[in-house]
2 protein chains.
Amino acid sequence: MNIVKNKLNQAGIKPTYQRLVIMDYLEQCGSHPTVDGIYENLVIKVPTISRTTVYNTLNLLTAESLVHAVTITGTEVHYGIGRADHHHFLCVQCGRILDIEVNCPLATQVPGDYLGHQILEVHGYFRGICSDCLNKNKR
Amino acid sequence: MNIVKNKLNQAGIKPTYQRLVIMDYLEQCGSHPTVDGIYENLVIKVPTISRTTVYNTLNLLTAESLVHAVTITGTEVHYGIGRADHHHFLCVQCGRILDIEVNCPLATQVPGDYLGHQILEVHGYFRGICSDCLNKNKR
DNA sequence: GTTATTGCAAAATATTTGCATTATA
DNA sequence: TATAATGCAAATATTTTGCAATAAC
């Protein structure tokens, strides 16, 4: 929890209790939860927490690049720890989002130039069926 | 307009007047409009058209791969003509979405395998400032 | 003429905003 | 204690759904 506090301090973000638990949950859960997923998990331990604060906090943390937003489903936004210096895989069967590493020619030189356009970010969204679901389907 | 009609017929989709004008608009407009953008443009010429029909039609055309959905903004869904066999660039200044061609190692072998996960689709989302906006900024 | 499509209204879902209360440094 | 963050309620935005009227072949 102190590590999380330091991260917020270093980014110049006031480490309130709510921000600490939200950031800590993101680090611990090991997946890419939605606002509602985060809220539903935290409200058990912190009954006074509100969806508004979860929204506020994630917008702030995203702006400061402590977390990244994943819009691969097209419905709710999912959030992950750290900058989006990797890509994302959505399992269309179980809905899980996995981090994946790919060397995309343009991703490796961001920020870069493409036909006169200045590229600042690259997000690779991969859709398919994860290995767990493939195994379940075989049985 | 007859070309559009043939496309729908070939896909086994009944070519109603609404579907024809929606598909035709997508082909003609040369950009990636939202449902609302399509609706607002068409309702001038076709006052009886409804948002529901635009939603219905785009969901159908997407399922049949005649159009592709672009979720790069994280808010509304944008739509483009044809399969998503290319990637997309969002200008964060003017909001325009451009098609771009990139040879991503994984994209070139879709469907493919990545660490046991079966990849069916790849969507590359690039964010930055388009050449037009860069030029405007210089002046 | 039968079946599928359209379009209205309402519902469902996701996110933002206004503002009074509360907690932080 | 002054300022910023929280959290409730309401508003906004996007998309889906139920169903009666309509159009397609």
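The sequence lines fix the lettering, A, B, ..., with proteins before strands; numbering per chain opens at 1. Just so we're clear, the structure is a prediction, and the values are computed from it rather than from any experiment.
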Atom pair distance, as rounded to whole Å: CG in B:Asn56 and P in D:dC19
16 Å
Whole angstrom value for the distance that separates P of D:dT22 from CD1 of B:Ile49
17 Å
Decide yes or no for B:Thr73 and B:Leu90: does some side-chain heavy atom of the first lie under 4.5 Å from some side-chain heavy atom of the second?
yes
Does D:dT6 have its OP1 or OP2 closer than 4.0 Å to a side-chain nitrogen or oxygen of A:Thr16?
yes
Should the pair B:His88 and B:His32 be assigned to parallel (<30°), tilted (30 to 60°) or perpendicular (>60°) ring geometry?
perpendicular
Residue pair B:Gly74/B:Thr53 against DNA chain C: nearer the 5' end by closest nucleotide is B:Thr53
Rounded off to whole Å, could you give me the CD-to-P distance for the A:Glu40 and C:dA14 pair?
11 Å
B:Asn59 has an atom CG; how far is it from atom P of D:dT17, in whole Å?
9 Å
Any A:Gln18 side-chain nitrogen or oxygen under 4.0 Å from OP1 or OP2 of D:dG7:
yes
Quick check on D:dT16: is either OP1 or OP2 less than 4.0 Å from any side-chain nitrogen or oxygen of B:Tyr55?
no
Atom-to-atom span, CZ of B:Arg51 to C1' of D:dA13 - whole angstrom:
11 Å
Any N/O donor-acceptor pair, A:Ser50 side-chain to D:dC8 base, under 3.5 Å:
no
Contact class for A:Thr34 vs. all strands (heavy atom < 4.0 Å): base, sugar-phosphate, or nothing?
nothing
In the structure I gave you, are the side-chain heavy atoms of A:Thr57 and A:Thr53 within less than 4.5 Å of one another anywhere?
yes
Atom-to-atom span, CG of B:Leu58 to P of C:dT5 - whole angstrom
15 Å
Taking NZ from B:Lys14 and C1' from D:dT22, how many angstroms apart are they, rounded to a whole number?
12 Å
Kindly say whether A:His123 contributes a backbone atom to a donor-acceptor pair with the side chain of B:Arg127 at under 3.5 angstrom?
no
The side chain of A:Thr52 lies closest to which of these nucleotides: D:dC8, C:dA9, D:dA24?
D:dC8
Comparing A:Tyr39 and B:Asn9 on DNA chain D - which has the more 5′ nearest nucleotide
A:Tyr39
Main-chain N/O of B:His117 paired with A:Ser131 side-chain donor or acceptor, under 3.5 Å:
no
Here the distance between atom P of D:dA24 and atom CG of B:Leu60, to the nearest Å, is 16 Å
Both B:Thr75 and A:Arg19 contact DNA chain D. Taking the nearest nucleotide for each, which residue is further toward the 5' end?
A:Arg19
